[in-house]
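Computed over heavy atoms, backbone and side chain alike; hydrogens, waters and symmetry mates excluded. One is the number of the first residue; the rest follow in order along the sequence. In this text the structure is predicted, and so the values were computed from the model without any measurement.
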Amino acid sequence: MRDYLANPAPLGLMGFGMTTVLLNIHNAGFFPISSMILAMGIFYGGIAQVIAGIMEFKKGNTFGTTAFTSYGLFWLSLVALIVMPKFGWAEPTPHAYMGCYLAMWGLLTLFLFLGTLKGNFCIKFIFASLTVLFFLLAARDFTGSALIGTIAGYEGIVCGLSAIYLAMAEVLNEVYDRVVLPIG
């Protein structure tokens, strides 16, 4: 029986991928955090991924629901952590506490990576590289090492680009009803 529901994964992957690339261009040291990154975090990284997660729920995909909704809420919470102190709504979070926050996201991502082991190469690569990214960012915040932060930035760019690739592969392969971009 044909599934007539659209595949929400490309939306979620693009929201994750594009926002991740932009934030990690910052982490690599190319430009400061600005409203561009915050807006992407709220709307494309945040809301679009939550929508994709809800759509995955409708399709009965527990993994997709958990991943997209969780990372959408990650982006929204990250923006809140940056913006709330600027409005005087909360004290800034100390770096070591941010290390705990990022380590917890790394732990979730590690477990989700285990859920990709039966999947294609691209999805395994995305989750493996995202696990590494979260733990690198946590290490940066625990140690205060700018070098670890820069390495994390470059690694995050690769992670985000891999999500963009998978999103476009899924779209183009479906549109042309053949493999245009392989996903392994």
Of all the heavy-atom pairs spanning E56 and T65, show the shortest one and how long it is. C-OG1, 3.3 Å

Spacing of CD1 belonging to I47 relative to CD1 belonging to I42, to within rounding of 0.5 Å: 7.5 Å

Are L102 and Y154 linked, directly or through other ILVMFWY residues, by side chains that come within less than 4.5 angstrom of each other? yes

Starting from the C-alpha separation in whole Å, work towards a yes-or-no answer on side chain to side chain contact (heavy atoms under 4.5 Å, CB included) for Q49 and L73. CA-CA 8 Å; Q49 280 196 93; L73 294 170; over 6 Å; no

Does the T19 side chain pair with the main chain of G45, one donor and one acceptor, at a distance under 3.5 Å? yes

Considering only heavy atoms from C-beta outward, does the side chain of S70 approach that of L108 to under 4.5 Å? yes

Find out if a path of hydrophobic residues (ILVMFWY) with successive side-chain heavy-atom gaps under 4.5 Å connects V21 to W105. yes

Determine whether L22 and H26 satisfy the following criterion, side chain to side chain contact (heavy atoms under 4.5 Å, CB included), listing intermediate values before the conclusion. CA-CA 7 Å; L22 291 173; H26 156 73; over 6 Å; no

Closest non-hydrogen contact found for A139 with I148 is CB-CG2, 4.2 Å

Going by heavy atoms in the side chains, are M55 and I51 under 4.5 Å from each other? yes

CZ of F68 to CG of L11: how many Å apart, nearest 0.5 Å? 8.0 Å

Show the nearest heavy-atom pair for residues G53 and T69, with the distance to one decimal. CA-OG1, 3.4 Å

F111, CZ: over 12 other non-hydrogen atoms inside 6.0 angstrom: no

Is F16 close to C159 at the side-chain level, that is, under 4.5 Å between some pair of heavy atoms? yes

For the residue pair F134 and F74, is the inter-centroid distance of their aromatic rings smaller than 6.0 Å? yes

Got a second to check how far L133's CG is from N24's CG, nearest 0.5 Å? 5.0 Å

Quick check: is V158 connected to M18 through a chain of hydrophobic side chains (ILVMFWY, heavy atoms under 4.5 Å apart)? no

So, do M40 and W75 sit near enough that their side-chain heavy atoms are less than 4.5 Å apart? no

Decide whether E170 and N7 meet the rule of one side-chain donor and one side-chain acceptor closer than 3.5 Å. yes

Closest non-hydrogen atom pair, V79 against L38: CG2-O, 3.7 Å

Nearest 0.5 Å please: distance from the CD atom of E155 over to the CD1 atom of I151. 10.5 Å

Quick one, L107 and T131 - any side-chain contact, counting heavy atoms below 4.5 Å? no

Smallest separation among heavy atoms of A167 and P10, with atom names: CB-O, 3.6 Å

Test item: Y101 and L137 side chains (from C-beta on) under 4.5 Å apart, heavy atoms: no

As an exercise, state the distance from OH of Y97 to CZ of F142, rounded to the nearest 0.5 Å. 11.5 Å

Any side-chain heavy atom of W89 sitting closer than 4.5 Å to one from V83? no

Check for me, please, whether F113 and L136 land in the same ILVMFWY cluster - side-chain distances under 4.5 Å, paths through other members count. no

Mind checking whether I157 and L147 sit in one hydrophobic cluster, side chains of I, L, V, M, F, W, Y counted as touching below 4.5 Å? no

Do other residues, nucleotides or ligands put more than 12 heavy atoms under 6.0 Å from M84 CE? yes

Close side-chain approach of N27 and T150, heavy atoms under 4.5 Å: no

From CA spacing to verdict: side chain to side chain contact (heavy atoms under 4.5 Å, CB included), I37, F31: CA-CA 10 Å; I37 293 172; F31 53 70; 3.6 Å; yes

Scanning both residues in full, the closest heavy-atom pair of A163 with I126 reads CA-CD1, 3.5 Å

How long is the straight-line distance from CZ of F121 back to OG1 of T116, given to the nearest 0.5 Å? 11.0 Å

Report the C-alpha separation of Y71 and V50 in whole Å, then their side-chain angles, then the decisive distance to 0.1 Å, and conclude whether the side chain to side chain contact (heavy atoms under 4.5 Å, CB included) test is met. CA-CA 8 Å; Y71 295 119; V50 170; over 6 Å; no

